[in-house]
2 protein chains.
Amino acid sequence: MSNKPSIPKGTRDFSPIEMARRNYIFETIKTVYRKYGFQQIETPAMENLDTLIGTGGDESDKLIFKILNSGDYLAKADEGALSEKNSTALTRSIAEKALHYDLTVPFARYVVQNQNDITFPFRRFQIQPVWRADRPQKGRYREFYQCDADIIGSDSLLNEVDLIKIIDEVFTELFQGKLNYTVSINNRKILAGIAESFGISDRLEEMTVIIDKLDKVGMDGVSKELTEKGLPAEIATFIGSVNQDPDAITKVKQQLQKPEIGLKGIEELEYVFEKLNQLNNLQTANLVFDPTLARGLGYYTGTIIEVKVDNFPSICGGGRYDDLTGKFGLKDVSGVGISFGADRIYDVLLDNNLYPEFQGDSTQVLFTNQGEQDEQVFLPMLFALRDAGINAEIYPEPAKWKKQMTFAERKAIPFIVSSNQEGELFVKNSDEADKVPFNTIDDLIQKVTA
Amino acid sequence: MSNKPSIPKGTRDFSPIEMARRNYIFETIKTVYRKYGFQQIETPAMENLDTLIGTGGDESDKLIFKILNSGDYLAKADEGALSEKNSTALTRSIAEKALHYDLTVPFARYVVQNQNDITFPFRRFQIQPVWRADRPQKGRYREFYQCDADIIGSDSLLNEVDLIKIIDEVFTELFQGKLNYTVSINNRKILAGIAESFGISDRLEEMTVIIDKLDKVGMDGVSKELTEKGLPAEIATFIGSVNQDPDAITKVKQQLQKPEIGLKGIEELEYVFEKLNQLNNLQTANLVFDPTLARGLGYYTGTIIEVKVDNFPSICGGGRYDDLTGKFGLKDVSGVGISFGADRIYDVLLDNNLYPEFQGDSTQVLFTNQGEQDEQVFLPMLFALRDAGINAEIYPEPAKWKKQMTFAERKAIPFIVSSNQEGELFVKNSDEADKVPFNTIDDLIQKVTA
């Protein structure tokens with residue numbers, strides 16, 4: 001292999017500076033999650049294919065990366081599928097394992113498998129990569145991180161209040177008040193009520209899918225598709241009248257006078273707003289009721305949440321689901337959760353120049369190396385600095401001065417220690433023009449930690 | 001699917017307490033790596049199969065988990081292999097990607113691919129899961145974490161010195177001086193010298209493989225196998241005479257009087273010992289020269305290192321390699337690195353009861369919930385505590401007192417806040433018998449942070 005090596009499409013390497021930025025995002029989210037009583041778990045990258053298949057529909061199944069069985073996998077392959085060359089039919093017989101495509105399904109599996117050891121309500125967070133055999137494109141990867149928090153085993157809407165506060169805390173910290181963002185909230189029960197009020201309860205999912213496209217196709221597009229599908233044109237008019245209307249809640253209530261489920265949704269929504277108001281509201285989040293928010297088909301049954309900044313797709317989303325663990329045999333357990341999209345948040349912070357400097361992450365002091373004499377003098381100092389908790393290194397062999405300076409510059413090392421012919425010792429701060437002499441290790445530590 | 005769900009053999013879920021312990025190990029290692037100037041990178045879990053195949057020999061290739069191509073993968077399948085039902089031959093045509101089985105090969109690929117952006121010598125660390133289609137058994141998993149640090153692009157033995165100091169720092173921190181451990185060091189050049197001194201340079205690898213089994217089969221086993229393979233019996237006698245001999249270095253030197261490569265190895269070894277001596281040696285590590293240490297076949301060409309505690313397999317290992325990036329077209333770049341086995345270290349700490357308590361990681365304060373009145377009073381306090389950086393939660397719905405106490409106990413929450421009928425407020429520390437009254441939020445914060 002002599003061609004320049006590469007990595008699979010849709011995957012990425014992360015360089016040191018990229019890692020520092022990503023860690024900053026992860027640490028911010030983790031700290032807030034912990035503050036709210038969430039505990040971290042991890043599940044394997046690989047799940048049994050049976051666990052993953054059929055939870056998100058056929059389209060989702062196609063997005064799952066399957067892992068070829070080890071050894072002589074063809075020995076147990078489905079003969080019929082093989083002779084027909086039917087890839088889909090063959091897969092189950094040659095691939096028993098697969099990579100998880102989200103953290104929600106593995107979490108549901110975890111909860112059921114460990115139900116006797118878990119104390120409910122269970123607040124868990126999970127930050128791991130997920131894999132999707134999607135067509136790679138700008139901002140969409142085949143391997144990316146999700147940062148999920150869920151509370152499972154509690155119907156209380158105080159959990160929704162906590163999740164919205166978490167969103168507010170995380171983005172207040174990451175955006176430092178310099179970037180506007182909208183937290184849209186809706187409730188699946190309201191969408192169900194709307195459908196019922198127009199006499200199309202049996203076509204709720206269709207309606208939801210169409211309304212969900214509002215962002216992409218606009219009001220006209222939604223109207224057109226509703227008509228094409230033979231759904232009442234009044235729905236379009238109604239959606240148009242409440243879209244981005246600050247008084248949407250009143251108008252939706254009027255529409256929902258009869259259907260109980262819709263009013264239940266409104267009641268839940270109002271409870272969340274009321275509690276947040278009592279808590280002096282939010283720091284920087286612009287929380288709005290958006291009756292057009294649908295978040296795909298999914299498994300949501302109550303509250304739905306989505307966070308957006310201008311010019312980017314959703315950076316966080318979530319909602320309440322009433323039967324996530326049903327597939328695995330544990331019925332009637334309600335949960336609610338959110339997921340931060342770390343990769344998109346990464347781009348938002350980069351585009352808006354919102355990263356802090358990451359000095360603590362990298363080397364603070366470089367001892368230059370102009371020969372054996374330097375090594376003798378500098379090695380004990382180097383280890384004394386490290387003992388004092390300072391990130392430090394010595395250039396590992398004598399090299400040209402320029403080479404060592406390029407090294408320091410590219411690694412953004414702020415302090416350079418050197419000696420001269422007379423054996424005098426100096427330290428230079430990259431922010432200052434001149435090097436200054438020092439005599440003792442304590443003197444040096446003081447100068448580099450000042 | 002109504003059976004109890006499970007996960008693939010050889011994989012594991014990590015519960016909150018297991019995550020806290022694992023994070024403690026990872027954070028300890030990361031902090032030391034950073035102190036020594038190492039920068040973190042990450043590479044994708046998936047690599048092109050071409051990148052991974054053929055770097056570690058046929059046996060290694062079998063351990064690679066391959067990922068089935070998406071879509072109609074049989075359309076491009078190798079017809080011949082299909083009709084012969086030859087699994088091995090078919091794989092390349094239906095699986096272009098695979099999961100990395102270590103972090104060293106992806107790192108070599110990364111270095112070559114990004115060589116123009118990297119400043120050498122490059123100190124990188126990488127902590128990620130790896131996957132091996134090994135037969136699962138106690139302590140051996142199919143998905144496990146490696147914690148690697150390598151310096152690439154420098155021949156200097158100061159790098160070896162740093163790596164041994166890192167090992168000493170990490171285990172001094174993790175073992176707290178309560179557990180003996182041995183850092184064995186050898187040099188591949190010494191093994192080459194021994195082979196040459198017995199006139200079997202052409203059979204160095206065979207000899208190495210046999211000597212490497214000393215731990216498992218004992219001196220007799222080694223002797224027997226050497227004879228069986230027709231290698232000089234004197235090798236066994238020699239190995240026996242230096243094994244665990246504190247004066248091994250002198251004896252090996254005598255044996256190596258002629259072969260230059262062997263003496264070069266001794267010289268390198270002595271340099272490392274000498275530098276460590278000058279630096280007042282190590283804190284807790286017991287560093288010994290072990291001329292029988294071989295560490296498999298691998299790609300090592302100089303120093304080899306292995307760390308052991310009683311009753312466990314190796315918990316850390318590494319060495320110097322001279323041509324890791326050669327496969328990808330970048331020749332003559334020397335590197336040296338170590339890898340901590342996080343999963344084994346986890347077990348060692350658990351067996352020896354060496355984990356600290358992880359209070360900061362979980363909820364510190366639980367507000368109990370006996371109804372709407374409690375929610376009104378406690379919610380503002382809850383958020384005030386979180387604003388003060390204290391991990392806190394409220395039981396999300398009114399529930400029986402016993403249920404809430406069980407929740408607190410199983411989540412190991414140290415402080416419980418409650419009210420009585422008269423609206424008086426109390427906080428109880430789980431270490432103390434009685435609850436104490438408090439009046440203001442400041443009062444509460446003081447009591448839970450005291």
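The sequence lines fix the lettering, A, B, ..., with proteins before strands; numbering per chain opens at 1.
Within 6.0 Å of atom CD in Glu409(A), 12 or fewer heavy atoms from other residues, nucleotides or ligands are found, so the atom counts as exposed in its surroundings.
Side-chain contact check for Phe328(A) versus Lys4(B): every heavy-atom pair is 4.5 Å or farther apart. Counting heavy atoms from C-beta on, the side chains of Tyr110(A) and Pro5(B) never come closer than 4.5 Å. You'll find the side chain of Gln40(B) stays beyond 4.5 Å of the side chain of Glu18(A), heavy atoms only. Side-chain atoms of Ile7(A) and Thr51(B), non-hydrogen and from C-beta on, never get closer than 4.5 Å to each other. Between Ile67(B) and Lys66(A), the closest side-chain pair of non-hydrogen atoms is not below 4.5 Å.
In terms of the side-chain contact (heavy atoms from CB on, under 4.5 Å) criterion, residue partners of Ala77(B) (sequence neighbours excluded) are, by chain and number, Leu74(B), Leu82(B), Leu90(B), Ser93(B), Ile94(B). In terms of the salt bridge (charged side-chain N to carboxylate O under 4.0 Å, His left out) criterion, residue partners of Arg124(B) (sequence neighbours excluded) are, by chain and number, Asp150(B).
Heavy-atom distances place the side chain of Gln278(B), and not its backbone, under 4.5 Å from chain A. No part of Leu385(B) comes within reach of chain A, as not one of its non-hydrogen atoms sits under 4.5 angstrom from that chain. Neither the backbone nor the side chain of Phe107(B) comes within less than 4.5 Å of any heavy atom of chain A. No part of Pro129(B) comes within reach of chain A, as not one of its non-hydrogen atoms sits under 4.5 angstrom from that chain. There is no contact between Phe125(A) and chain B, counting heavy-atom distances below 4.5 Å. Heavy atoms of Glu143(B) lying under 4.5 Å from chain A belong exclusively to its side chain. Contact of Asn86(A) with chain B is made through the backbone alone, with heavy-atom distances under 4.5 Å. Within the 4.5 angstrom heavy-atom criterion, atoms from both the backbone and the side chain of Leu379(B) approach chain A. Proximity to chain A involves both the backbone and the side chain of Ala45(B), based on heavy atoms less than 4.5 angstrom apart. Contacts between Ile64(B) and chain A at a heavy-atom distance below 4.5 Å are absent for every atom of the residue. Proximity to chain A (any heavy atom under 4.5 Å) is restricted, for Asn23(B), to the side chain, taken from C-beta onward. With a threshold of 4.5 angstrom between heavy atoms, Thr91(A) approaches chain B through its backbone and through its side chain. Contacts between Leu68(B) and chain A at a heavy-atom distance below 4.5 Å involve backbone atoms as well as side-chain atoms.
Ranking Ala133(B), Ala95(B), Ser154(B), Ser70(B) against chain A, the residue ahead of the rest is Ser154(B), based on heavy-atom pairs under 4.5 Å. Of all the listed residues (Pro380(A), Ala392(A), Gly389(A)), the one sharing the greatest number of non-hydrogen pairs under 4.5 Å with chain B is Ala392(A). The choice from Gln115(B), Arg22(B), Glu169(B), Arg123(B) that makes the most heavy-atom pairs within less than 4.5 Å of chain A is Arg123(B). Taking chain B as the reference chain and counting heavy-atom pairs below 4.5 Å, the highest number among Asp117(A), Ile17(A), Leu158(A), Leu99(A) is found for Leu158(A). Listed options Lys403(B), Lys30(B), Arg12(B) were ranked by heavy-atom pairs under 4.5 angstrom with chain A; first place goes to Arg12(B). When each of Asp162(A), Asn114(A), Thr406(A), Asn69(A) is scored by its heavy-atom pairs under 4.5 Å with chain B, the top score falls to Asp162(A). Per-residue counts of heavy-atom pairs under 4.5 Å with chain A were compared for Thr11(B), Val365(B), Thr43(B), Leu279(B); the largest is that of Leu279(B). Listed options Arg142(B), Arg410(B), Arg386(B), Glu393(B) were ranked by heavy-atom pairs under 4.5 angstrom with chain A; first place goes to Arg386(B). When Asp155(B), Ile394(B), Thr31(B) are compared by the number of non-hydrogen pairs under 4.5 Å with chain A, Asp155(B) comes out ahead. Ranked by heavy-atom pairs shorter than 4.5 Å toward chain B, the options Ala75(A), Ala399(A), Ser83(A), Ser15(A) are led by Ser15(A).
Taking the charged nitrogens against the carboxylate oxygens, Lys85(B) and Glu79(A) do have a contact shorter than 4.0 Å, which makes a salt bridge. A salt bridge is defined here as a Lys NZ or Arg NE, NH1 or NH2 lying under 4.0 Å from an Asp or Glu carboxylate O, and Lys35(B) with Asp387(A) fails to meet this definition. Note on Lys9(A) versus Glu96(B): no salt bridge recorded, every NZ/NE/NH1/NH2 to OD/OE distance being 4.0 Å or above.
Closest non-hydrogen pair, Asp13(B) versus Pro44(A), comes out as OD1-CD, 3.2 Å. Minimum heavy-atom separation, Tyr395(A) to Phe120(B): OH-O, 3.8 Å. A pairwise comparison of heavy atoms in Ser87(A) and Gly71(B) identifies CB-O, 4.0 Å as the closest pair. Here the closest heavy-atom approach between residue Ile41(A) and residue Pro16(B) is recorded as CG2-CD, 3.6 Å. Here the shortest heavy-atom pairing between Ser362(B) and Gln39(A) reads CB-NE2, 4.0 Å. Contact record, Pro396(A) with Asn159(B): CB-OD1, 3.6 Å, taken as the closest heavy-atom pair.
For the pair Lys165(A) and Phe383(B), the cation sits on the ring face: its NZ or CZ lies under 6.0 Å from the ring centre, inside 45° of the axis.
In this structure, Tyr73(A) OH and Thr88(B) OG1 are separated by 7.5 Å, a value rounded to the nearest 0.5 Å. From Thr363(B), atom OG1 reaches atom CZ of Arg34(A) across 11.0 Å, with rounding to the nearest 0.5 Å. Atom-to-atom distance recorded for Tyr33(B):OH and Asn391(A):CG is 14.5 Å, nearest 0.5 angstrom.
Of the possible polar contacts, one joining the Asn48(B) side chain to the Ser6(A) backbone as a donor-acceptor pair under 3.5 Å is found. Between the side chain of Glu397(B) and the main chain of Ser156(A), a donor-acceptor pair closer than 3.5 Å is present.
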May I have the step-by-step check of side chain to side chain contact (heavy atoms under 4.5 Å, CB included) for Tyr145(A) and Glu42(B), ending in yes or no?
-> CA-CA 12 Å; Tyr145(A) 268 73; Glu42(B) 276 185 16; 3.4 Å; yes

